[in-house]
Amino acid sequence: MNEDLKVNLSWLPQDHLEASSPENVSTAASSLIPVVDPEPELIVNPWDIVLCTSGTLISCENAIVVLIIFQNPNLRAPMFLLIGSLALADLLAGIGLIINFIFAYLLQSEATKLVTVGLIVSSFSASVCSLLAITVDRYLSLYYALTYNSERTVTFTYIMLILLWGASICIGLLPIMGWNCLKDESTCSVIRPLTKNNAAILSVSFLLMFALMLQLYVQICKIVMRHAHQIALQHHFLATSHYVTTRKGVSTLAIILGTFAACWIPFTLYSLIADYTYPSIYTYATLLPATYNSIINPVIYAFRNQEIQKAFWLICCGCIPSSLSQRARSPSDV
């Protein structure tokens, strides 16, 4: 306080200080002490609120799937392991979005930024890779229907899980290990602190995986149509029944691929052409639909599954609805 008083006293003319009494000097000094304005209120970006809300919904929804698969020992087949991997990845992504919101407004530092971005990148990478692994598993279950339920398939599934999670963790560690743009803003991508090269590699990798998924689903569609036709011939179904079943299977595959593309492709293409100089609203507008994919995934891959539905009802009320227990699986359930 004494130092502040000295500084403030030096703002007065010297001859005025000498002629003035100590009381006057004190009064003048106090009148010259600058008034400290109250700290401005923390302004929260509405887009960040929406992302945090999306992360909360993602976490709650996928936590249910993880809990169901973890608690039910009967859900240990390769398909359920991959669905559990997808749910775990989306759960971590939702938690990452929540943590990123908290750190952005309450604990701002470069270290927390690197950790949260690394967690989000790892989680979403694992989510996309899990979707690809599920597609591969569905293709193998149809193409090698007779030998699919074997120990060899389980081993192959574990290998896929180890590889996809190992690769995803390594991708998330890149910004933390030094591949970031904190020291050179000109190299930043639309997601700081990821570099443009990092974002470009992630985007190209995503497009390649989407192309592979598209090719696999085309093959799955052909197999489903062939199986449905064979079943129709064996049971002497009408041609219209075969057409309805086939159309349902094709529609299911179209919904899966269409949802995935609509959620991720806008942000992927934007990351390729844009950088940190572009308005942030474009980043939010393309990133938000990508997070919605993690909201939709449990509905498409988990809650539509009959075994998971049964396990869910057993956990909730200890019973299985008669309509669910009597439902038969059709060739369109892909």
Side-chain angles (χ1 to χ4, degrees), residues 51 55 58-59 62 66 78 81-100 103-104 109-137 154-185 187-213 216 260 263-265 267-272 274-276 283 286-287 290-291 293-294 297 301:
L51 280 176
I58 291 170
S59 301
N62 287 279
V66 172
L81 292 176
L82 294 174
I83 292 176
S85 172
L86 174 64
L88 178 60
D90 288 334
L91 172 61
L92 293 176
I95 294 174
L97 291 174
I98 298 172
I99 294 176
N100 182 66
F103 284 173
S109 69
E110 292 184 353
T112 56
K113 186 69 175 178
L114 290 173
V115 171
T116 53
V117 169
L119 173 61
I120 293 174
V121 171
S122 292
S123 303
F124 280 123
S125 298
S127 177
V128 174
C129 290
S130 295
L131 290 175
L132 176 60
I134 290 174
T135 307
V136 173
D137 177 75
V154 176
T155 303
F156 178 72
T157 302
Y158 279 113
I159 292 175
M160 281 199 302
L161 290 173
I162 293 173
L163 290 177
L164 76 86
W165 277 99
S168 300
I169 292 173
C170 290
I171 291 172
L173 287 176
L174 289 178
I176 301 175
M177 300 300 291
W179 197 11
N180 57 67
C181 63
L182 294 178
K183 296 181 179 179
D184 187 4
E185 292 285 341
T187 62
C188 283
S189 65
V190 293
I191 299 294
R192 190 178 181 275
L194 294 183
T195 63
K196 288 185 288 187
N197 292 334
N198 193 346
I201 292 175
L202 290 175
S203 299
V204 171
S205 300
F206 167 82
L207 293 176
L208 291 176
M209 285 190 289
F210 177 73
L212 180 57
M213 289 176 62
L216 288 173
F260 181 68
C263 290
W264 274 107
I265 285 185
F267 179 71
T268 303
L269 296 179
Y270 179 71
S271 299
L272 278 174
D275 55 27
Y276 74 102
T283 303
T286 53
L287 177 61
T291 65
N293 186 243
S294 296
N297 282 339
Y301 296 95

Task: side-chain contact (heavy atoms from CB on, under 4.5 Å) partners of Ile95, counting only residues at least two apart - done: Ser59, Leu91, Ile99
Task: Reported OG-to-CG distance for the pair Ser127 and Asn293, which is rounded to 0.5 angstrom - done: 6.0 Å
- [ ] For residues 165-177, pull every pair meeting salt bridge (charged side-chain N to carboxylate O under 4.0 Å, His left out), keeping only residues two or more places apart or in separate chains.
- [x] none
- [ ] Might you point out which heavy atoms bring Thr291 and Ile58 nearest each other, and give the distance in Å?
- [x] O-CD1, 3.3 Å
Task: Listed once per pair and sorted, the side-chain hydrogen bond (donor to acceptor under 3.5 Å, both in side chains) pairs that draw on residues 162-176, sequence neighbours left out - done: Ser85-Trp165
TODO: For Pro78 and Val154, work out which heavy atoms get closest and say how close.
DONE: CG-CG2, 4.1 Å
Task: Side-chain heavy-atom pair Pro193, Leu114 within 4.5 angstrom cut-off - done: yes
Open item on the list: Under the criterion side chain to side chain contact (heavy atoms under 4.5 Å, CB included), I'd like the reasoning laid out for Arg192 against Leu182: C-alpha separation, chi angles, the key distance, then a yes or no.
Closed with: CA-CA 8 Å; Arg192 190 178 181 275; Leu182 294 178; 3.5 Å; yes
Open item on the list: As a quick check of understanding, evaluate side chain to side chain contact (heavy atoms under 4.5 Å, CB included) for Thr286 and Val190, giving each step before the final call.
Closed with: CA-CA 11 Å; Thr286 53; Val190 293; over 6 Å; no
Open item on the list: Please report the interatomic distance OH(Tyr270) to OG1(Thr283), rounded to the nearest 0.5 Å.
Closed with: 3.5 Å
- [ ] Under the side-chain hydrogen bond (donor to acceptor under 3.5 Å, both in side chains) rule, collect the residues that match up with Asp275, sequence neighbours excluded.
- [x] Thr277
Task: Spacing of Ser294 atom OG and Leu86 atom CG [to the nearest 0.5 Å] - done: 7.5 Å
Open item on the list: Under the rule for side-chain hydrogen bond (donor to acceptor under 3.5 Å, both in side chains), what residues qualify as partners of Asp137, not counting sequence neighbours?
Closed with: Tyr148
- [ ] Just jot down the side-chain contact (heavy atoms from CB on, under 4.5 Å) partners of Leu163, sequence neighbours excluded, or say none.
- [x] Ile159
TODO: With sequence neighbours excluded, tell me which residues meet side-chain contact (heavy atoms from CB on, under 4.5 Å) with Ala104.
DONE: none
Open item on the list: Just to verify, what does Asn100 make a side-chain contact (heavy atoms from CB on, under 4.5 Å) with, not counting sequence neighbours?
Closed with: Lys113, Thr116, Ile120
TODO: Run the numbers on Val136 and Phe156 for side chain to side chain contact (heavy atoms under 4.5 Å, CB included), then give the verdict.
DONE: CA-CA 11 Å; Val136 173; Phe156 178 72; 4.3 Å; yes
Open item on the list: Once rounded to the nearest 0.5 Å, what's the spacing between atom CD1 of Ile169 and atom CG of Leu174?
Closed with: 12.5 Å
Open item on the list: Return the CG to OG distance between Leu161 and Ser130, rounded to the nearest 0.5 Å.
Closed with: 7.0 Å
TODO: Go through the steps for Tyr158 and Leu81 under the test side chain to side chain contact (heavy atoms under 4.5 Å, CB included), then give the verdict.
DONE: CA-CA 9 Å; Tyr158 279 113; Leu81 292 176; 3.9 Å; yes
Open item on the list: Tell me which pairs pass ring pair (Phe, Tyr, Trp, His ring centres under 6.0 Å) where either residue lies in residues 113-136, with sequence neighbours left out.
Closed with: Phe124-Trp264
Task: Qualifying residues under disulfide bond (SG atoms under 2.5 Å apart), relative to Cys263, sequence neighbours excluded - done: none
Task: Listed once per pair and sorted, the salt bridge (charged side-chain N to carboxylate O under 4.0 Å, His left out) pairs that draw on residues 194-203, sequence neighbours left out - done: none
Open item on the list: So Met160 and Leu82, do their side chains get closer than 4.5 Å, heavy atoms only?
Closed with: yes
Open item on the list: For a quick test of reading the model, state the closest non-hydrogen atom pair linking Cys181 to Thr187 and the distance between them.
Closed with: CB-OG1, 3.3 Å
Open item on the list: To the nearest 0.5 Å, what is the distance between CG on Leu164 and CG on Leu131?
Closed with: 10.5 Å
Exercise answer: donor-acceptor pairs, residues 201-213 side-chain atoms, under 3.5 Å, sequence neighbours excluded:
residue: Ser203; atom: OG; partner: Ala199; partner atom: O; Å: 2.9
residue: Ser203; atom: OG; partner: Thr268; partner atom: O; Å: 3.4
residue: Ser205; atom: OG; partner: Ile201; partner atom: O; Å: 2.7

